[in-house]
Amino acid sequence: MLRLYDTAMRAKVDFVPSVEGRVSMYVCGATPYDVPHLGHGRKEVVFDTIRRYLVWRGYAVKYVSNVTDIEDKIIARAHEEGTTEPELVARFEVTFRSAFDRLNILPPDDEPRATEWIEEMTRLIAQLVANGHAYVVEGQGVYFQVDTLPSYGSLSHRTLDELLESAGARVDVDERKRAPVDFALWKTAKPGEPAWDSPWGLGRPGWHIECSAMSLKLLGDGFDIHGGGSDLVFPHHENEIAQAVGAGHEFARYWLHNGMLNVDGQKMSKSLGNFVTLVDVLEQYDPRAFRLLVLQTHYRRGMEVGEKELADAEKAIGRLDALARRVRADGLESAPVGDITPFRDVMDDDFDTPAALAYVFELVRDANVALDEGLQDTAAASFATVRELAAELGIELRAEAPEADAEIDALVEAREAARRAKDWAESDRIRDELSRRGIVVEDTPRGPEWRRE
RNA sequence: GGCGGCGUAGCCGAGUGGCACAGGCAGAGGUCUGCAAAACCUUUCACGCGGGUUCGAUUCCCGCCGCCGCCUCCA
(Lines give C-alpha, C1' and ligand atoms only; values in the text may rest on other atoms or scores of the structure.)
Protein backbone atom coordinates (compact mmCIF):
# COMPACT_ATOMS: atom_id res chain seq x y z
CA MET A 1 0.00 0.00 0.00
CA LEU A 2 1.33 3.35 -1.02
CA ARG A 3 1.28 5.91 1.74
CA LEU A 4 2.01 9.57 1.42
CA TYR A 5 2.17 12.60 3.66
CA ASP A 6 -0.77 14.87 3.08
CA THR A 7 -0.22 18.49 4.06
CA ALA A 8 -3.88 19.04 4.84
CA MET A 9 -4.08 16.00 7.15
CA ARG A 10 -0.62 16.62 8.53
CA ALA A 11 -0.08 12.88 8.47
CA LYS A 12 0.89 9.98 6.32
CA VAL A 13 -2.24 8.51 4.80
CA ASP A 14 -3.06 5.62 2.51
CA PHE A 15 -3.18 6.71 -1.08
CA VAL A 16 -6.36 5.67 -2.82
CA PRO A 17 -6.90 7.36 -6.19
CA SER A 18 -10.43 8.39 -7.01
CA VAL A 19 -10.43 6.15 -10.06
CA GLU A 20 -8.72 2.83 -9.53
CA GLY A 21 -5.51 2.51 -11.45
CA ARG A 22 -5.42 6.13 -12.47
CA VAL A 23 -3.74 9.15 -10.92
CA SER A 24 -4.32 12.74 -11.88
CA MET A 25 -1.80 15.21 -10.57
CA TYR A 26 -1.18 18.91 -10.86
CA VAL A 27 2.07 20.59 -9.88
CA CYS A 28 2.49 24.33 -9.81
CA GLY A 29 5.01 25.34 -12.40
CA ALA A 30 7.21 28.36 -12.34
CA THR A 31 6.88 31.91 -13.54
CA PRO A 32 9.58 32.22 -16.20
CA TYR A 33 10.65 35.82 -15.82
CA ASP A 34 14.26 34.90 -15.03
CA VAL A 35 16.58 31.89 -15.22
CA PRO A 36 15.69 28.86 -13.09
CA HIS A 37 17.48 28.43 -9.79
CA LEU A 38 18.29 25.26 -7.87
CA GLY A 39 15.02 25.39 -5.99
CA HIS A 40 13.12 25.00 -9.23
CA GLY A 41 15.40 22.10 -10.01
CA ARG A 42 14.65 20.38 -6.74
CA LYS A 43 10.91 20.73 -7.16
CA GLU A 44 11.06 19.34 -10.67
CA VAL A 45 13.21 16.41 -9.65
CA VAL A 46 10.98 15.61 -6.69
CA PHE A 47 7.71 15.57 -8.57
CA ASP A 48 9.18 13.95 -11.66
CA THR A 49 10.41 11.16 -9.43
CA ILE A 50 7.03 10.80 -7.74
CA ARG A 51 5.37 10.73 -11.12
CA ARG A 52 7.78 8.11 -12.45
CA TYR A 53 7.26 6.01 -9.36
CA LEU A 54 3.49 6.08 -9.71
CA VAL A 55 3.83 5.00 -13.33
CA TRP A 56 6.31 2.29 -12.36
CA ARG A 57 3.82 1.17 -9.72
CA GLY A 58 1.32 0.59 -12.50
CA TYR A 59 -0.85 3.69 -12.39
CA ALA A 60 -1.93 5.53 -15.51
CA VAL A 61 -0.77 9.00 -14.56
CA LYS A 62 -1.90 12.27 -16.02
CA TYR A 63 0.59 14.94 -15.01
CA VAL A 64 -0.22 18.59 -15.53
CA SER A 65 2.07 21.49 -14.71
CA ASN A 66 1.34 25.06 -15.66
CA VAL A 67 3.33 27.98 -16.97
CA THR A 68 2.41 31.32 -15.48
CA ASP A 69 2.96 33.49 -18.50
CA ILE A 70 1.29 36.65 -17.26
CA GLU A 71 2.01 38.15 -13.88
CA ASP A 72 3.23 41.36 -12.30
CA LYS A 73 6.88 40.37 -12.30
CA ILE A 74 6.77 39.42 -15.95
CA ILE A 75 5.28 42.77 -16.82
CA ALA A 76 7.88 44.59 -14.76
CA ARG A 77 10.77 42.63 -16.21
CA ALA A 78 9.58 42.98 -19.79
CA HIS A 79 9.25 46.70 -19.24
CA GLU A 80 12.79 46.87 -17.81
CA GLU A 81 14.22 45.04 -20.76
CA GLY A 82 12.20 46.95 -23.26
CA THR A 83 10.65 43.80 -24.62
CA THR A 84 7.21 42.26 -24.66
CA GLU A 85 5.81 39.83 -22.13
CA PRO A 86 5.38 36.98 -24.63
CA GLU A 87 8.94 37.37 -25.87
CA LEU A 88 10.34 37.40 -22.34
CA VAL A 89 8.37 34.35 -21.32
CA ALA A 90 9.22 32.45 -24.49
CA ARG A 91 12.91 33.08 -23.94
CA PHE A 92 12.98 31.92 -20.33
CA GLU A 93 10.69 28.99 -21.00
CA VAL A 94 13.37 27.62 -23.31
CA THR A 95 15.96 28.02 -20.56
CA PHE A 96 13.75 26.25 -18.05
CA ARG A 97 12.92 23.40 -20.38
CA SER A 98 16.46 22.75 -21.49
CA ALA A 99 17.68 22.70 -17.89
CA PHE A 100 14.88 20.29 -17.00
CA ASP A 101 15.75 18.09 -19.96
CA ARG A 102 19.28 17.80 -18.69
CA LEU A 103 17.88 16.74 -15.32
CA ASN A 104 15.94 14.03 -17.12
CA ILE A 105 12.59 15.57 -16.16
CA LEU A 106 9.82 14.13 -18.30
CA PRO A 107 7.68 16.80 -19.96
CA PRO A 108 4.21 17.12 -18.43
CA ASP A 109 1.31 15.52 -20.25
CA ASP A 110 -0.19 18.97 -20.40
CA GLU A 111 1.51 22.29 -19.79
CA PRO A 112 -1.21 24.92 -19.83
CA ARG A 113 -0.32 28.58 -20.15
CA ALA A 114 -2.36 31.03 -18.17
CA THR A 115 -3.02 33.31 -21.12
CA GLU A 116 -4.63 30.45 -23.01
CA TRP A 117 -7.24 29.85 -20.32
CA ILE A 118 -8.46 33.33 -19.50
CA GLU A 119 -12.01 32.48 -20.43
CA GLU A 120 -12.04 29.55 -18.05
CA MET A 121 -10.78 31.84 -15.30
CA THR A 122 -13.33 34.55 -15.87
CA ARG A 123 -16.03 31.89 -15.80
CA LEU A 124 -14.79 30.70 -12.43
CA ILE A 125 -14.60 34.26 -11.11
CA ALA A 126 -18.12 34.98 -12.31
CA GLN A 127 -19.29 31.92 -10.44
CA LEU A 128 -17.61 33.18 -7.28
CA VAL A 129 -19.24 36.58 -7.65
CA ALA A 130 -22.60 34.93 -8.19
CA ASN A 131 -22.11 32.75 -5.13
CA GLY A 132 -21.34 35.74 -2.97
CA HIS A 133 -17.72 34.79 -2.39
CA ALA A 134 -16.29 37.62 -4.44
CA TYR A 135 -16.88 41.32 -4.88
CA VAL A 136 -15.98 43.93 -7.41
CA VAL A 137 -14.06 47.09 -6.60
CA GLU A 138 -14.49 49.61 -9.36
CA GLY A 139 -11.25 50.44 -11.10
CA GLN A 140 -9.35 47.81 -9.11
CA GLY A 141 -10.67 44.41 -9.93
CA VAL A 142 -12.43 41.49 -8.30
CA TYR A 143 -11.57 40.13 -4.87
CA PHE A 144 -12.26 36.94 -3.04
CA GLN A 145 -13.93 37.58 0.29
CA VAL A 146 -12.24 35.17 2.63
CA ASP A 147 -14.69 35.42 5.52
CA THR A 148 -17.47 33.97 3.37
CA LEU A 149 -15.76 30.60 3.38
CA PRO A 150 -15.66 29.01 6.82
CA SER A 151 -13.23 26.30 5.71
CA TYR A 152 -10.60 28.84 4.67
CA GLY A 153 -7.29 27.97 6.26
CA SER A 154 -7.81 24.22 6.38
CA LEU A 155 -4.73 23.42 4.32
CA SER A 156 -2.31 25.72 6.09
CA HIS A 157 -4.03 25.27 9.47
CA ARG A 158 -4.73 28.87 10.16
CA THR A 159 -7.90 30.41 11.42
CA LEU A 160 -9.35 33.58 10.03
CA ASP A 161 -8.68 35.30 13.35
CA GLU A 162 -5.03 34.33 13.27
CA LEU A 163 -4.75 35.56 9.74
CA LEU A 164 -6.41 38.85 10.50
CA GLU A 165 -4.12 39.34 13.43
CA SER A 166 -0.92 38.92 11.46
CA ALA A 167 -2.14 40.47 8.22
CA GLY A 168 -0.97 44.01 7.85
CA ALA A 169 1.82 43.43 10.32
CA ARG A 170 4.24 42.98 7.49
CA VAL A 171 2.39 44.16 4.44
CA ASP A 172 0.65 47.34 3.53
CA VAL A 173 -3.03 46.71 3.51
CA ASP A 174 -4.81 47.51 0.31
CA GLU A 175 -7.28 50.20 1.22
CA ARG A 176 -9.97 49.08 -1.21
CA LYS A 177 -10.30 45.53 0.01
CA ARG A 178 -12.97 44.71 2.56
CA ALA A 179 -10.47 42.75 4.63
CA PRO A 180 -6.71 42.53 4.49
CA VAL A 181 -6.85 38.81 3.84
CA ASP A 182 -9.02 39.13 0.74
CA PHE A 183 -7.09 38.45 -2.43
CA ALA A 184 -7.33 39.48 -6.07
CA LEU A 185 -9.09 37.28 -8.60
CA TRP A 186 -9.00 39.81 -11.40
CA LYS A 187 -6.78 42.87 -11.70
CA THR A 188 -7.94 45.81 -13.73
CA ALA A 189 -5.31 46.81 -16.26
CA LYS A 190 -3.43 50.05 -15.96
CA PRO A 191 -2.65 51.86 -19.20
CA GLY A 192 0.00 50.04 -21.20
CA GLU A 193 -0.41 46.74 -19.41
CA PRO A 194 -1.38 43.60 -21.27
CA ALA A 195 -5.09 43.06 -20.86
CA TRP A 196 -7.91 40.67 -21.63
CA ASP A 197 -11.58 41.34 -21.79
CA SER A 198 -13.85 40.32 -18.95
CA PRO A 199 -17.23 41.16 -17.44
CA TRP A 200 -15.29 43.52 -15.14
CA GLY A 201 -13.46 45.30 -17.90
CA LEU A 202 -9.98 44.92 -19.30
CA GLY A 203 -7.52 43.29 -16.98
CA ARG A 204 -5.63 40.14 -16.15
CA PRO A 205 -6.22 37.20 -13.83
CA GLY A 206 -4.78 37.05 -10.33
CA TRP A 207 -2.08 34.51 -9.81
CA HIS A 208 -4.10 32.06 -7.73
CA ILE A 209 -7.09 31.73 -10.03
CA GLU A 210 -4.97 30.33 -12.84
CA CYS A 211 -4.16 27.13 -11.08
CA SER A 212 -7.71 26.54 -9.85
CA ALA A 213 -9.17 27.05 -13.30
CA MET A 214 -6.63 25.06 -15.25
CA SER A 215 -6.35 22.13 -12.86
CA LEU A 216 -10.10 21.71 -12.65
CA LYS A 217 -10.51 22.03 -16.37
CA LEU A 218 -7.75 19.62 -17.33
CA LEU A 219 -8.04 17.07 -14.53
CA GLY A 220 -11.62 17.44 -13.39
CA ASP A 221 -13.22 17.86 -9.98
CA GLY A 222 -11.65 15.89 -7.18
CA PHE A 223 -8.38 15.18 -8.95
CA ASP A 224 -5.93 13.20 -6.92
CA ILE A 225 -2.70 15.02 -6.16
CA HIS A 226 -1.72 18.64 -6.04
CA GLY A 227 1.94 19.39 -5.52
CA GLY A 228 4.30 22.30 -5.22
CA GLY A 229 6.94 23.88 -3.04
CA SER A 230 6.17 24.23 0.65
CA ASP A 231 6.38 27.98 0.29
CA LEU A 232 3.20 27.83 -1.78
CA VAL A 233 1.05 26.29 0.94
CA PHE A 234 0.01 29.71 2.06
CA PRO A 235 -1.38 31.69 0.47
CA HIS A 236 -1.27 30.20 -3.01
CA HIS A 237 -2.65 26.74 -2.42
CA GLU A 238 -5.00 27.87 0.30
CA ASN A 239 -6.45 30.35 -2.16
CA GLU A 240 -6.68 27.79 -4.93
CA ILE A 241 -8.83 25.69 -2.65
CA ALA A 242 -10.99 28.64 -1.67
CA GLN A 243 -11.65 29.53 -5.30
CA ALA A 244 -12.53 26.01 -6.31
CA VAL A 245 -14.66 25.22 -3.29
CA GLY A 246 -16.34 28.61 -3.36
CA ALA A 247 -17.38 27.97 -6.94
CA GLY A 248 -18.86 24.62 -5.96
CA HIS A 249 -16.07 22.31 -7.03
CA GLU A 250 -14.34 19.54 -5.25
CA PHE A 251 -10.62 20.19 -5.33
CA ALA A 252 -7.43 18.16 -4.88
CA ARG A 253 -7.65 15.10 -2.63
CA TYR A 254 -4.00 14.93 -1.56
CA TRP A 255 -1.52 17.74 -1.07
CA LEU A 256 2.21 17.15 -1.46
CA HIS A 257 4.87 19.76 -0.75
CA ASN A 258 8.58 19.60 -1.21
CA GLY A 259 10.97 21.22 1.27
CA MET A 260 13.10 24.20 0.51
CA LEU A 261 16.68 24.16 -0.52
CA ASN A 262 19.20 25.87 1.74
CA VAL A 263 22.51 27.52 1.09
CA ASP A 264 24.53 27.78 4.29
CA GLY A 265 21.44 26.92 6.27
CA GLN A 266 19.20 29.54 4.76
CA LYS A 267 16.45 29.22 2.24
CA MET A 268 17.65 30.00 -1.22
CA SER A 269 15.42 32.48 -2.95
CA LYS A 270 15.27 35.33 -5.32
CA SER A 271 14.31 37.76 -2.60
CA LEU A 272 17.28 36.80 -0.42
CA GLY A 273 19.61 37.12 -3.38
CA ASN A 274 21.49 33.98 -2.43
CA PHE A 275 20.24 31.81 -5.24
CA VAL A 276 22.40 29.68 -7.46
CA THR A 277 21.15 29.21 -10.97
CA LEU A 278 20.40 25.77 -12.24
CA VAL A 279 22.13 26.57 -15.49
CA ASP A 280 25.44 27.26 -13.72
CA VAL A 281 25.34 24.07 -11.72
CA LEU A 282 24.40 21.94 -14.70
CA GLU A 283 27.37 23.31 -16.59
CA GLN A 284 29.78 22.66 -13.75
CA TYR A 285 28.55 19.29 -12.62
CA ASP A 286 27.06 16.16 -14.08
CA PRO A 287 23.32 16.89 -14.07
CA ARG A 288 22.80 13.41 -12.66
CA ALA A 289 24.79 14.50 -9.61
CA PHE A 290 22.25 17.20 -8.84
CA ARG A 291 19.44 14.74 -9.30
CA LEU A 292 21.15 12.24 -7.03
CA LEU A 293 21.83 14.89 -4.42
CA VAL A 294 18.17 15.90 -4.39
CA LEU A 295 17.02 12.31 -4.03
CA GLN A 296 19.47 11.61 -1.23
CA THR A 297 17.38 13.88 0.97
CA HIS A 298 13.76 13.13 1.73
CA TYR A 299 11.59 15.43 -0.37
CA ARG A 300 9.79 17.06 2.54
CA ARG A 301 12.87 18.14 4.39
CA GLY A 302 15.04 21.16 3.90
CA MET A 303 18.25 20.21 2.19
CA GLU A 304 21.68 21.72 2.07
CA VAL A 305 23.34 22.32 -1.26
CA GLY A 306 26.80 23.61 -1.95
CA GLU A 307 29.91 22.80 -3.89
CA LYS A 308 30.99 20.05 -1.53
CA GLU A 309 27.63 18.33 -1.68
CA LEU A 310 27.54 18.50 -5.46
CA ALA A 311 31.09 17.23 -5.82
CA ASP A 312 30.34 14.32 -3.46
CA ALA A 313 27.26 13.42 -5.43
CA GLU A 314 29.24 13.50 -8.63
CA LYS A 315 31.65 10.96 -7.18
CA ALA A 316 28.75 8.74 -6.19
CA ILE A 317 27.54 8.87 -9.79
CA GLY A 318 31.05 7.90 -10.83
CA ARG A 319 30.70 4.79 -8.71
CA LEU A 320 27.57 3.79 -10.60
CA ASP A 321 29.18 4.40 -13.98
CA ALA A 322 32.30 2.48 -12.98
CA LEU A 323 30.17 -0.55 -12.27
CA ALA A 324 28.36 -0.14 -15.57
CA ARG A 325 31.71 -0.10 -17.39
CA ARG A 326 32.90 -3.18 -15.55
CA VAL A 327 29.76 -5.06 -16.39
CA ARG A 328 29.77 -4.01 -20.00
CA ALA A 329 33.39 -5.07 -20.40
CA ASP A 330 32.41 -8.52 -19.20
CA GLY A 331 29.41 -8.61 -21.51
CA LEU A 332 26.96 -9.11 -18.65
CA GLU A 333 24.49 -6.44 -19.48
CA SER A 334 21.42 -8.50 -20.05
CA ALA A 335 19.98 -10.25 -17.06
CA PRO A 336 16.57 -10.33 -15.44
CA VAL A 337 15.98 -7.75 -12.74
CA GLY A 338 16.37 -9.13 -9.23
CA ASP A 339 14.62 -8.34 -5.97
CA ILE A 340 12.92 -4.97 -6.07
CA THR A 341 10.85 -5.48 -2.94
CA PRO A 342 13.05 -3.48 -0.55
CA PHE A 343 13.01 -0.62 -3.00
CA ARG A 344 9.26 -0.68 -3.37
CA ASP A 345 8.68 -0.94 0.35
CA VAL A 346 10.61 2.21 1.16
CA MET A 347 9.26 4.13 -1.82
CA ASP A 348 5.75 3.17 -0.81
CA ASP A 349 6.43 4.87 2.49
CA ASP A 350 6.04 8.46 1.35
CA PHE A 351 8.65 8.18 -1.39
CA ASP A 352 11.68 7.54 0.76
CA THR A 353 14.21 8.02 -2.01
CA PRO A 354 17.22 8.22 0.35
CA ALA A 355 16.45 4.73 1.61
CA ALA A 356 15.76 3.57 -1.94
CA LEU A 357 19.16 4.83 -3.04
CA ALA A 358 20.81 3.15 -0.08
CA TYR A 359 19.42 -0.14 -1.41
CA VAL A 360 20.70 0.63 -4.90
CA PHE A 361 24.20 1.26 -3.56
CA GLU A 362 24.09 -1.94 -1.56
CA LEU A 363 23.39 -3.74 -4.81
CA VAL A 364 26.31 -1.94 -6.39
CA ARG A 365 28.59 -3.40 -3.76
CA ASP A 366 27.02 -6.83 -4.20
CA ALA A 367 27.64 -6.67 -7.93
CA ASN A 368 31.26 -5.63 -7.45
CA VAL A 369 31.86 -8.36 -4.92
CA ALA A 370 30.36 -10.91 -7.27
CA LEU A 371 32.57 -9.69 -10.10
CA ASP A 372 35.64 -9.89 -7.87
CA GLU A 373 34.73 -13.47 -7.09
CA GLY A 374 33.94 -14.40 -10.67
CA LEU A 375 30.26 -15.02 -9.96
CA GLN A 376 29.06 -13.62 -13.23
CA ASP A 377 25.41 -14.55 -13.03
CA THR A 378 25.08 -13.04 -9.59
CA ALA A 379 26.83 -9.90 -10.74
CA ALA A 380 24.65 -9.60 -13.80
CA ALA A 381 21.49 -9.92 -11.73
CA SER A 382 22.58 -7.31 -9.20
CA PHE A 383 23.62 -4.96 -11.92
CA ALA A 384 20.37 -5.35 -13.82
CA THR A 385 18.55 -4.37 -10.66
CA VAL A 386 20.80 -1.40 -10.07
CA ARG A 387 20.25 -0.17 -13.59
CA GLU A 388 16.50 -0.67 -13.43
CA LEU A 389 16.04 1.06 -10.07
CA ALA A 390 18.41 3.93 -10.86
CA ALA A 391 16.56 4.49 -14.12
CA GLU A 392 13.28 4.43 -12.24
CA LEU A 393 14.64 7.31 -10.18
CA GLY A 394 15.58 9.09 -13.38
CA ILE A 395 19.30 8.32 -13.24
CA GLU A 396 20.70 6.57 -16.29
CA LEU A 397 24.02 4.78 -15.93
CA ARG A 398 26.70 5.37 -18.53
CA ALA A 399 29.21 2.90 -19.83
CA GLU A 400 30.13 4.52 -23.11
CA ALA A 401 32.42 2.53 -25.30
CA PRO A 402 35.56 4.61 -25.78
CA GLU A 403 35.27 6.25 -29.13
CA ALA A 404 37.93 5.39 -31.67
CA ASP A 405 40.89 7.74 -31.49
CA ALA A 406 44.03 6.58 -33.26
CA GLU A 407 46.27 9.03 -31.49
CA ILE A 408 45.12 8.07 -28.01
CA ASP A 409 45.19 4.41 -28.93
CA ALA A 410 48.78 4.83 -30.09
CA LEU A 411 49.77 6.46 -26.81
CA VAL A 412 48.06 3.78 -24.78
CA GLU A 413 49.80 1.14 -26.87
CA ALA A 414 53.16 2.85 -26.45
CA ARG A 415 52.61 2.88 -22.71
CA GLU A 416 51.76 -0.80 -22.81
CA ALA A 417 54.99 -1.50 -24.68
CA ALA A 418 56.96 0.46 -22.09
CA ARG A 419 55.24 -1.46 -19.32
CA ARG A 420 56.05 -4.76 -20.95
CA ALA A 421 59.65 -3.62 -21.09
CA LYS A 422 59.28 -2.59 -17.41
CA ASP A 423 60.24 0.91 -18.36
CA TRP A 424 58.12 2.46 -15.64
CA ALA A 425 59.48 5.96 -16.10
CA GLU A 426 58.39 5.96 -19.71
CA SER A 427 55.00 4.40 -19.05
CA ASP A 428 54.29 6.90 -16.28
CA ARG A 429 55.37 9.73 -18.52
CA ILE A 430 52.88 8.63 -21.15
CA ARG A 431 50.17 8.26 -18.54
CA ASP A 432 50.82 11.83 -17.40
CA GLU A 433 50.62 12.95 -21.00
CA LEU A 434 47.28 11.24 -21.41
CA SER A 435 46.09 12.70 -18.15
CA ARG A 436 46.84 16.17 -19.45
CA ARG A 437 44.53 15.42 -22.34
CA GLY A 438 41.80 14.41 -19.93
CA ILE A 439 42.25 10.71 -20.48
CA VAL A 440 42.17 8.19 -17.67
CA VAL A 441 43.85 4.83 -18.25
CA GLU A 442 43.00 1.85 -16.12
CA ASP A 443 44.95 -1.38 -16.31
CA THR A 444 42.46 -4.20 -16.08
CA PRO A 445 42.75 -7.97 -16.41
CA ARG A 446 41.61 -7.46 -19.99
CA GLY A 447 44.40 -5.00 -20.70
CA PRO A 448 44.45 -1.22 -20.53
CA GLU A 449 41.18 0.67 -20.91
CA TRP A 450 40.83 4.39 -21.31
CA ARG A 451 38.07 6.93 -21.07
CA ARG A 452 37.60 10.62 -20.99
CA GLU A 453 37.20 12.19 -17.61
C1' G B 1 3.77 37.43 18.22
C1' G B 2 0.93 32.98 15.73
C1' C B 3 1.54 28.17 13.14
C1' G B 4 4.89 24.32 11.67
C1' G B 5 9.51 21.74 11.09
C1' C B 6 14.45 20.40 12.30
C1' G B 7 18.97 19.32 15.60
C1' U B 8 22.04 11.51 14.15
C1' A B 9 29.86 10.62 12.83
C1' G B 10 34.54 15.34 9.57
C1' C B 11 30.40 16.78 5.73
C1' C B 12 25.61 15.44 3.39
C1' G B 13 21.74 12.46 5.11
C1' A B 14 18.04 7.76 6.14
C1' G B 15 15.87 5.24 10.19
C1' U B 16 14.10 2.95 14.76
C1' G B 17 10.40 1.90 21.81
C1' G B 18 15.12 -3.26 22.32
C1' C B 19 23.10 -4.05 20.52
C1' A B 20 22.94 2.64 15.87
C1' C B 21 25.42 -2.74 9.58
C1' A B 22 21.51 2.91 6.62
C1' G B 23 23.60 5.09 2.17
C1' G B 24 26.95 8.71 -0.26
C1' C B 25 31.48 11.56 0.37
C1' A B 26 35.89 12.15 3.27
C1' G B 27 39.97 9.91 6.88
C1' A B 28 43.14 5.51 8.48
C1' G B 29 44.99 0.53 7.57
C1' G B 30 45.01 -3.57 4.23
C1' U B 31 44.19 -6.90 -0.45
C1' C B 32 45.05 -6.31 -5.76
C1' U B 33 48.66 -3.22 -8.93
C1' G B 34 55.54 -2.07 -11.17
C1' C B 35 53.10 2.41 -9.21
C1' A B 36 48.32 3.91 -9.91
C1' A B 37 43.10 3.62 -11.11
C1' A B 38 38.84 0.73 -10.22
C1' A B 39 37.09 -2.81 -6.78
C1' C B 40 36.88 -5.27 -2.17
C1' C B 41 37.98 -5.99 3.20
C1' U B 42 38.89 -3.84 8.03
C1' U B 43 38.55 0.56 10.75
C1' U B 44 38.17 5.89 13.51
C1' C B 45 34.14 9.45 14.57
C1' A B 46 27.25 10.49 16.06
C1' C B 47 21.46 10.25 18.17
C1' G B 48 21.61 19.12 21.09
C1' C B 49 20.60 19.59 26.77
C1' G B 50 17.44 18.45 31.16
C1' G B 51 13.30 15.97 33.08
C1' G B 52 9.16 12.32 32.54
C1' U B 53 6.57 7.64 30.80
C1' U B 54 8.72 2.59 30.21
C1' C B 55 11.78 -3.44 32.00
C1' G B 56 14.17 -0.48 28.20
C1' A B 57 13.96 6.17 25.00
C1' U B 58 17.98 8.43 19.82
C1' U B 59 12.73 7.11 18.88
C1' C B 60 6.87 8.82 22.84
C1' C B 61 5.59 13.28 26.36
C1' C B 62 7.16 18.06 28.75
C1' G B 63 10.69 21.98 29.30
C1' C B 64 15.17 24.40 27.61
C1' C B 65 18.86 25.82 24.01
C1' G B 66 20.04 26.34 18.86
C1' C B 67 18.66 26.49 13.64
C1' C B 68 15.03 26.91 9.70
C1' G B 69 10.34 27.77 7.13
C1' C B 70 5.39 30.07 6.56
C1' C B 71 2.36 34.26 8.21
C1' U B 72 4.31 39.15 1.65
C1' C B 73 6.15 37.58 -4.26
C1' C B 74 8.49 32.82 -3.86
C1' A B 75 9.79 26.02 -5.93
Side-chain angles (χ1 to χ4, degrees), chain A residues 7 10 27-31 33 36-47 71-73 153 156-159 161-163 165-172 181 207 227-236 238 257-262 265-272 275 289 292-293 295-298 300-306 308-323 325-326 346 349 352-362 364-365 367-373 419 422-425 427-428 431 435 440-445 448-451:
Chain A
T7 305
R10 274 187 181 164
V27 177
C28 286
T31 305
Y33 70 97
H37 60 65
L38 295 184
H40 294 110
R42 182 183 190 189
K43 187 213 78 183
E44 290 294 325
V45 167
V46 162
F47 286 103
E71 201 261 341
D72 293 8
K73 282 181 178 162
S156 52
H157 302 95
R158 280 158 227 236
T159 66
D161 286 342
E162 284 167 0
L163 287 167
E165 224 170 280
S166 59
R170 301 171 57 197
V171 187
D172 292 337
V181 288
W207 175 41
S230 61
D231 52 350
L232 298 188
V233 173
F234 189 91
H236 186 54
E238 195 69 69
H257 292 97
N258 65 278
M260 297 293 98
L261 201 145
N262 298 328
Q266 266 211 321
K267 177 187 169 183
M268 179 173 75
S269 75
K270 290 278 178 62
S271 29
L272 287 174
F275 68 96
L292 180 74
L293 180 59
L295 296 179
Q296 276 181 323
T297 304
H298 186 85
R300 279 194 280 120
R301 305 247 304 213
M303 72 171 258
E304 192 62 37
V305 68
K308 175 164 190 333
E309 288 78 14
L310 284 161
D312 288 354
E314 201 165 51
K315 284 179 195 152
I317 289 286
R319 188 169 155 75
L320 296 174
D321 285 348
L323 174 64
R325 282 197 304 275
R326 249 191 125 176
V346 294
D349 182 16
D352 190 349
T353 55
L357 280 166
Y359 179 61
V360 170
F361 279 101
E362 277 171 33
V364 168
R365 193 185 58 237
N368 276 314
V369 168
L371 284 170
D372 284 350
E373 293 175 355
R419 290 185 67 222
K422 298 203 190 299
D423 183 352
W424 310 127
S427 77
D428 286 352
R431 185 165 62 196
S435 174
V440 180
V441 193
E442 293 180 5
D443 298 323
T444 78
E449 289 177 0
W450 64 270
R451 67 192 152 85

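The sequence lines fix the lettering, A, B, ..., with proteins before strands; numbering per chain opens at 1.
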Ring-base stacking, A/F361 with B/G23 (5.5 Å, 30° cut-offs): no
Distance-only donor-acceptor test (3.5 Å): side chain A/R365, base B/C40: no
Rounded interatomic separation in angstrom, taking NE2 from A/H298 and P from B/C12: 19 Å
Same-atom distance (P) from B/G48 to B/U54, integer angstrom: 23 Å
Base B/C35 paired with A/D443 side chain (donor-acceptor, <3.5 Å): yes
Salt bridge (charged side-chain N to carboxylate O under 4.0 Å, His left out), paired with A/D231, selected from A/R42, A/K267, A/K43: A/K267
Separation of the P atoms in B/G17 and B/C61, to the nearest angstrom: 12 Å
Euclidean distance, A/E442 CD relative to A/R325 CZ, rounded to 0.5 Å: 5.5 Å
Partners meeting ring pair (Phe, Tyr, Trp, His ring centres under 6.0 Å) with A/H257 (sequence neighbours left out): A/H237
Base-pairing mate for B/G18 - Watson-Crick or G-U, with both contacts under 3.5 Å: B/C55
Donor-acceptor pair (no angle test) under 3.5 Å: A/K315 side chain, B/C25 base: no
Opposite nucleotide pairing with B/G4, Watson-Crick or G-U, both atom distances under 3.5 Å: B/C68
Whole-Å P distance, B/G34 and B/A28: 23 Å
Sugar-phosphate only, base, or nothing, as touched by A/V233 at under 4.0 Å among non-hydrogen atoms: nothing
N-O pairing of A/R326 and A/D372 below 4.0 Å: yes
Touch class at under 4.0 angstrom, heavy-atom based, for A/V346 against every strand present: nothing
